[in-house]
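The next block holds one structure in the form of structure tokens; read it before the comments.
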Amino acid sequence: MIYTAENSFDDISGKVVADFGCGCGTLGVASSLLGAEHVVGIDIDPQSLEIASQNAEDLEVGINFIWSDIKNLKLRGPLVDTVVMNPPFGTRKKGSDMEFLCMALKVASRAVYSLHKTTTREHIKRTALRDYGAKSAEVLCELRFDVPQLYKFHKKKEVDVAVDLWRFVP
Amino acid sequence: MRLLTHNMLSSNIRGVVNGFPLGIEAEKVVEREVELSAEFLRGVFPKIEWGALVAGARALGHPDLLPGEADASMLASDDFLRRFHRALLQLHVEEGALVCPETGRRFPINKGIPNMLLHEDEV
């Protein structure tokens with residue numbers, strides 16, 4: 001994902017990148033390794049941030065983490081070039097994927113890279129272009145996530161989810 | 001937390017009209033060297049709120065690092081670029097707090113991570 005962002009679109013190297021809902025920091029770390037000048041990772045869960053911090057330290061990459069709810073964070077727009085994210089899909093808390101997308105399009109000045117369920121493709125495109133001010137919304141490719149039973153609310157042992165990788169221009 | 005991050009953060013407490021810039025209480029500051037990129041600095045300069053950066057450098061114990069005012073012509077100077085680079089990217093607040101300029105509410109910083117979670121009555 002980050003590799004494509006950098007090699008096809010030059011959206012990472014030398015840029016300020018924000019990872020919304022960074023979890024263990026994977027996307028932020030990848031951005032840093034691919035040459036992002038400054039990376040900010042934001043998450044609401046302190047345990048994830050602890051792990052993310054450790055990961056960044058182990059890999060010797062400097063990432064600034066912020067402990068916050070993405071809805072309540074106010075980031076001064078022009079400074080962030082690119083937002084990368086693997087947001088919650090909105091299966092537990094309905095609409096959380098859209099909240100993330102809305103915030104991301106407000107903050108990014110160059111591009112937003114995001115993952116959303118393929119089943120929501122038309123809704124995402126329409127909402128991004130019509131309501132969130134996106135100039136363009138493109139599915140770069142379709143992926144299949146093999147999600148193992150990770151959380152208590154997961155009922156099946158494993159599920160195959162079709163996921164779109166999107167590039168939005170704010 | 002770098003001053004570049006501080007330059008993007010605002011207090012979003014309900015009722016606050018202008019939550020930027022946040023005040024900084026620095027209890028532990030470290031400096032980590034990173035490679036200077038003149039291209040990056042020249043590109044980011046017009047987006048930086050200079051006053052907030054100067055106040056930040058002062059709060060971090062470097063009151064004389066930056067000129068009070070700056071314009072793009074200074075970017076031609078290597079000395080200015082080095083100072084700008086140091087303030088923006090090399091100084092880190094590890095422990096301390098960010099302070100809402102209107103309400104005085106403190107957002108603690110631990111291990112370099114500011115806690116910007118709002119309480120229920122602040123949303």
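The chains referred to below are lettered A, B, ... by the order of the sequence lines, with proteins before strands, and numbering in each begins at 1. Computed from a prediction, not measured in an experiment: that's the story for all the values here.
- Residue B:Phe45 is grouped with residue B:Val34 when hydrophobic side chains (ILVMFWY) are merged at heavy-atom distances under 4.5 angstrom, including chains of intermediate members.
- Residues of residues 111-137 of chain A never come within less than 4.5 angstrom of chain B, heavy atom to heavy atom.
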Which donor-acceptor pairs fall under 3.5 Å between chain A and chain B:
| unit_1 | atom_1 | unit_2 | atom_2 | d |
| --- | --- | --- | --- | --- |
| A:His38 | ND1 | B:Arg2 | NH1 | 2.9 |
| A:His38 | NE2 | B:Thr5 | OG1 | 2.9 |
| A:Asn64 | OD1 | B:Arg2 | N | 2.8 |
| A:Asn64 | OD1 | B:Thr5 | OG1 | 2.5 |
| A:Trp67 | N | B:Pro114 | O | 3.0 |
| A:Trp67 | O | B:Met116 | N | 2.7 |
| A:Asn72 | O | B:Asn12 | ND2 | 3.0 |
| A:Lys74 | O | B:Ser10 | N | 3.1 |
| A:Arg76 | N | B:Met8 | O | 2.7 |
| A:Arg76 | NE | B:Asn7 | O | 2.8 |
| A:Arg76 | NH2 | B:Asn7 | O | 3.3 |
| A:Arg76 | NH2 | B:Asn7 | OD1 | 2.7 |
| A:Arg76 | NH2 | B:Lys47 | O | 3.0 |
| A:Asp81 | OD1 | B:Lys47 | NZ | 3.2 |

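- B:Leu4 and A:Val17 are assigned to two separate hydrophobic clusters, defined by single-linkage of ILVMFWY side chains at heavy-atom distances under 4.5 Å.
- One hydrophobic cluster, built from ILVMFWY side chains closer than 4.5 Å, cannot hold both A:Phe100 and A:Phe89; they sit in different ones.
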Give the intermediate values and the outcome of side-chain contact (heavy atoms from CB on, under 4.5 Å) for residues B:Ile113 and A:Ile66. CA-CA 5 Å; B:Ile113 303 178; A:Ile66 300 174; 5.7 Å; no
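- A distance of 10.0 Å separates CE in B:Met8 from CG in A:Leu73, rounded to the nearest 0.5 Å.
- Both B:Leu91 and B:Ile109 belong to a single network of hydrophobic side chains, linked directly or stepwise wherever heavy atoms of I, L, V, M, F, W or Y lie under 4.5 Å apart.
- Judged as a side-chain contact (heavy atoms from CB on, under 4.5 Å), and not counting sequence neighbours, B:Ala76 has no contacts.
- With a 4.5 angstrom heavy-atom cutoff, B:Leu89 touches chain A only via side-chain atoms.
- A:Val107 does not touch chain B: none of its heavy atoms, backbone or side chain, sits under 4.5 Å away.
- No continuous path of ILVMFWY side-chain contacts below 4.5 Å connects A:Val40 to B:Leu117, so the two sit in separate hydrophobic clusters.
- Taking the side-chain contact (heavy atoms from CB on, under 4.5 Å) definition, one finds that A:Ala56 meets it with A:Val61, A:Ile63, A:Phe65, sequence neighbours left out.
- For the atom pair CG (A:Leu75) and CG (B:Leu9), the distance works out to 6.0 Å, reported to the nearest 0.5 Å.
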